[in-house]
Amino acid sequence: MTANPRDVTQPSDTTQPSDTTHPSHTSDTTTVTWRVWGMDAAVTVTRPGDAGAAKILVERVLADVDRACSRFRDDAELYSPSIRAGRPTRISPTLAALVDTALDAARLSGGAVDPAVGHHLVLLGYDRDIDALRTGTTTSPVGRPSFVARRAHAGMIRRHGDMLTVPEGVLLDLGATAKAFAADRAADTVADALGCGVLVNLGGDISARGVTPDGGWQILVDDGPGEPATQIAILGEGAIATSSTLHRRWRDRSGAEHHHIIDPATGRPAPAHWRTVTAVAARCVEANIVTTGCIVKGAAGHRWLAETGLPARLVGRDRTVVTLGGWPNESEAAA
């Protein structure tokens, strides 16, 4: 089984997969793949008979996350009139967990991964699902407020119990952490419900739980044609995430091209010092925080990521590969 982390995305306006799913088999695993959130999704299980049930469980998790926080649907809980008006609002357990994860990311990254960048993305033209943006077929479901808090940051958000308060004029975007959160939750759900080994891959955010197949979970780290690639294996439970400046790109009305990883300090896409950053951790959210944070921090991200001790692989602007934390050579185990 290979997993190709090519597209870093966030929840979009639909959680319905394409009509065709693609099961594949090895001697000890079965994989089902489909399209969702504008990306390739896959679930691999160690018992072939569990593949269909595993896919249903993953889809339920994705639908729950999408309803909670998709910036690309007008009925998403995070963008309800009460929250947009700045009023304290009771929220679902799923949204509470998603917001808490995003706030943790801001704290752990020293503000490099901050959810209060939604309006920066809107002002850059990323105001709808990426496919719709490229074709110009729909308008923004969230819309623009009467005013914008220009210096918004995670410290302005208030969470207590089941309540959330977002100051009026602040637009949260949970895209930096929501997909990794969904990968972890889906893998946990499948492993707990079916008792089999499972690997969930959401566009390169990968989480493995339960029994490991012989030889480990084989992962192909490959960010597209012409990019440096390598193969690793995850032994036991673990996760891998890739952040990239090469994908999820669009042009604004002036024709300028942007990528989706925003530097909260400038409100602009982070300079592409790193083409791709990949890391291995116990949880996909943890790996995703350090890969995104590294890209935002630019050259300083190398030392910051190294201090985490996590196995990581950084591909520079000139395609030079830097490895950290015991990142393995091809065919070695990463965890």
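Computed from a prediction, not measured in an experiment: that's the story for all the values here. The basis for the numbers below is simple: all heavy atoms, side chains too, and nothing from hydrogens, waters or symmetry mates.
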Side-chain heavy atoms of Glu59 within contact of Val36, under 4.5 Å = no
Roughly how far, to the nearest 0.5 Å, is CD1 of Ile83 from CG of Leu164?
-> 5.0 Å
Donor-acceptor pair, Asp173 side chain versus Val117 backbone, under 3.5 Å?
-> no
Beyond-backbone contact of Val321 with Trp327, side-chain heavy atoms, under 4.5 angstrom | no
What are the two closest heavy atoms between Asp184 and Cys284, and how far apart are they?
-> OD1-N, 2.9 Å
Got a salt bridge between Arg185 and Asp188, using NZ or NE/NH1/NH2 to carboxylate O under 4.0 Å?
-> no
May I ask you to decide if Ala112's main-chain N or O and Lys297's side chain share a donor-acceptor pair within less than 3.5 Å?
-> no
Verdict with reasoning, Thr29 to Thr44, per side-chain hydrogen bond (donor to acceptor under 3.5 Å, both in side chains) | CA-CA 6 Å; Thr29 64; Thr44 302; 5.9 Å; no
Smallest heavy-atom separation, Gly216 atom then Thr212 atom, equals CA-CG2, 3.5 Å
Indicate the atoms forming the closest heavy-atom contact of Trp304 with Ile289, along with that distance.
-> CH2-O, 4.0 Å
Nearest heavy-atom neighbours spanning Val296 and Pro264 | CG1-CD, 4.1 Å
Going from OG1 on Thr165 to CD1 on Ile91, what distance comes out if it is rounded to the nearest 0.5 angstrom?
-> 9.5 Å
CA sep, side-chain torsions, deciding dist, call: Leu174, Phe181, side chain to side chain contact (heavy atoms under 4.5 Å, CB included) = CA-CA 10 Å; Leu174 306 189; Phe181 172 96; over 6 Å; no
First locate atom OG1 of Thr94, then atom CG of Asp64, and finally report the distance between them rounded to the nearest 0.5 Å.
-> 3.5 Å
Same cluster or not: are Met156 and Leu108 linked, directly or through other Ile, Leu, Val, Met, Phe, Trp or Tyr residues, by side-chain heavy atoms under 4.5 angstrom apart?
-> yes
Verify, without hydrogens or angle tests, whether Arg283 (side chain) and Ala287 (backbone) share a donor-acceptor contact under 3.5 angstrom.
-> no
For Val58 and Leu62, what are the C-alpha separation, side-chain angles and deciding distance, and is it a side chain to side chain contact (heavy atoms under 4.5 Å, CB included)?
-> CA-CA 6 Å; Val58 173; Leu62 300 187; 4.2 Å; yes
May I have the step-by-step check of side-chain hydrogen bond (donor to acceptor under 3.5 Å, both in side chains) for Glu77 and Ser92, ending in yes or no?
-> CA-CA 8 Å; Glu77 184 183 2; Ser92 67; 2.7 Å; yes
Within 45° of the ring axis of Trp34 and under 6.0 Å from its six-membered ring centre, is that where the NZ or CZ of Lys55 lies?
-> yes
Considering only heavy atoms from C-beta outward, does the side chain of Val211 approach that of Cys196 to under 4.5 Å?
-> no
Check whether any side-chain N or O of Arg87 sits under 3.5 Å from a backbone N or O of Arg84 as a donor-acceptor pair, and report yes or no.
-> no
Side chain Asp162, main chain Arg90, donor-acceptor under 3.5 Å | no
What are the two closest non-hydrogen atoms of Leu310 and Leu305, and how far apart are they?
-> O-CD2, 4.2 Å
Test item: Arg73 and Arg67 side chains (from C-beta on) under 4.5 Å apart, heavy atoms | yes
Straight-line distance of Ile157 CD1 to Asp100 CG, nearest 0.5 Å = 12.0 Å
Side chain to side chain, Ile262 and Arg268, heavy atoms closer than 4.5 Å = no
Check whether any side-chain N or O of Glu237 sits under 3.5 Å from a backbone N or O of Gly210 as a donor-acceptor pair, and report yes or no.
-> yes
Can you measure from CD1 (Ile295) to OG1 (Thr276) and round to the nearest 0.5 angstrom?
-> 6.5 Å
Neighbour count above 12 (heavy atom, 6.0 Å) for Arg303 CZ = no
Distance-only, no hydrogens or angles: does the Tyr79 side chain make a donor-acceptor pair with backbone N or O of Leu172 under 3.5 Å?
-> yes
Asp28 (side chain) donor-acceptor with Asp214 (main chain) under 3.5 angstrom | yes
Derivation of the side chain to side chain contact (heavy atoms under 4.5 Å, CB included) call for Ile232 and Ile240 | CA-CA 10 Å; Ile232 65 171; Ile240 182 169; 3.6 Å; yes
What one should report as the nearest heavy-atom pair of Asp114 and Ala106 is CA-CB, 4.2 Å
Look at the side chain of Ser109 and the backbone N and O of Val113, then say whether any donor-acceptor pair between them is shorter than 3.5 Å.
-> yes
Same hydrophobic cluster for Val315 and Val290, using side-chain heavy-atom links shorter than 4.5 Å among ILVMFWY?
-> no
Side chain Arg275, main chain Glu227, donor-acceptor under 3.5 Å = no
Inter-residue atom distance Asp50.CG - Ile56.CD1, 0.5 Å rounding | 11.5 Å
Go through Thr291 and Thr242 one step at a time and tell me if the side chain to side chain contact (heavy atoms under 4.5 Å, CB included) criterion holds.
-> CA-CA 6 Å; Thr291 58; Thr242 294; over 6 Å; no
Kindly indicate whether the side chain of Val200, heavy atoms from C-beta on, has any atom under 4.5 Å from the side chain of Val61.
-> no
